[in-house]
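Chain letters run A, B, ... following the sequence lines, proteins first and then strands; every chain starts at 1.
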Amino acid sequence: MVFEMNYWLFKSEPDVYGIDHLAAEPLQQCRWDGIRNYQARNFLRDKVQVGDQVLFYHSSCPRPGMAGVMEVVKAAYPDPAQFDLESDYFDPKATQDKPQWYAVDVKLRKKFARHLPLSALKAHPDLKDMMLFRQGRLSVVPVTMAEWQTIESMVKG
DNA sequence: GCCAACGTTGGC
DNA sequence: GCCAACGTTGGC
């Protein structure tokens, strides 16, 4: 099997769980859970693999944009929260045999020295086709290698 | 707080 | 299966 690394963008609200929360975890690692959208679920379950690189995007906040980079360290497994009656993410339709929702584990790779705001991304001509803009509400979004490289250069520049 | 975009639900 | 109503996301 040919190993193909993929690039992604995962959204989170920094008030709820931002990049500094991840940085404060014991191994700077966490479970990316609570995804309750079918398209995002399908990406997580079927496409996201160990070694994939992930942009940490802060949404629904005063300064939406990219905060850093994570790496996938564990591929999709059933999100335990769907079975947890106490959880906001409990789903009565989910069973152990037929889980509805999946999670992956991610590890912090780097926090950007400078936050890269959404406004800068929107202004860059090479990023005009980003799926982030076309499907604004999707919380797990593919990023192309070209887009990734553009973003890397913006972070350095 | 407003609003656009879009996903979900439920009646038929 | 269609579609209206409603809910949620997320930028501004």
Spacing of I151(A) atom CD1 and F112(A) atom CZ [to the nearest 0.5 Å]: 7.5 Å
Results of side-chain contact (heavy atoms from CB on, under 4.5 Å) for R41(A) - residues two or more places apart only: Y38(A), R45(A), W101(A), Y102(A)
Neighbours of DNA chain B within residues 134-141 of chain A, by heavy-atom distance under 4.0 Å: R134(A), R137(A)
Which residues share a side-chain contact (heavy atoms from CB on, under 4.5 Å) with Y77(A), sequence neighbours left out: R31(A), K74(A), P80(A), A103(A), D105(A)
Pair listing, salt bridge (charged side-chain N to carboxylate O under 4.0 Å, His left out) test, anchored in residues 87-97 of chain A, at least two apart: D91(A)-K93(A)
ILVMFWY cluster membership beyond L85(A) - transitive side-chain contacts under 4.5 angstrom: F90(A)
Mind listing the side-chain donor-acceptor pairs of residues 15-22 of chain A below 3.5 Å, one per line with the distance, residues two or more places apart or on another chain?
from	atom 1	to	atom 2	distance (Å)
Y17(A)	OH	E25(A)	OE2	2.7
D20(A)	OD1	K111(A)	NZ	2.7
H21(A)	ND1	G18(A)	N	2.7

Touch class at under 4.0 angstrom, heavy-atom based, for F133(A) against every strand present: nothing
Under 3.5 Å, which donor-acceptor pairs link side chains of residues 114-123 of chain A to any protein atom two or more places apart or in another chain?
from	atom 1	to	atom 2	distance (Å)
R114(A)	NH2	G157(A)	O	2.5
H115(A)	NE2	R63(A)	O	3.0

Range on DNA chain C touched by chain A, heavy atoms, distance below 4.0 Å: dG7(C) to dC12(C)
Residues that R36(A) engages under salt bridge (Lys or Arg N to Asp or Glu O under 4.0 Å), provided they are two or more places apart: D79(A)
Positions of residues 7-23 of chain A (non-hydrogen atom under 4.0 Å from DNA chain B), listed by number: none
Listed partners of E147(A) passing salt bridge (Lys or Arg N to Asp or Glu O under 4.0 Å), at least two apart: none
Set of salt bridge (Lys or Arg N to Asp or Glu O under 4.0 Å) partners for K110(A), sequence neighbours left out: E152(A)
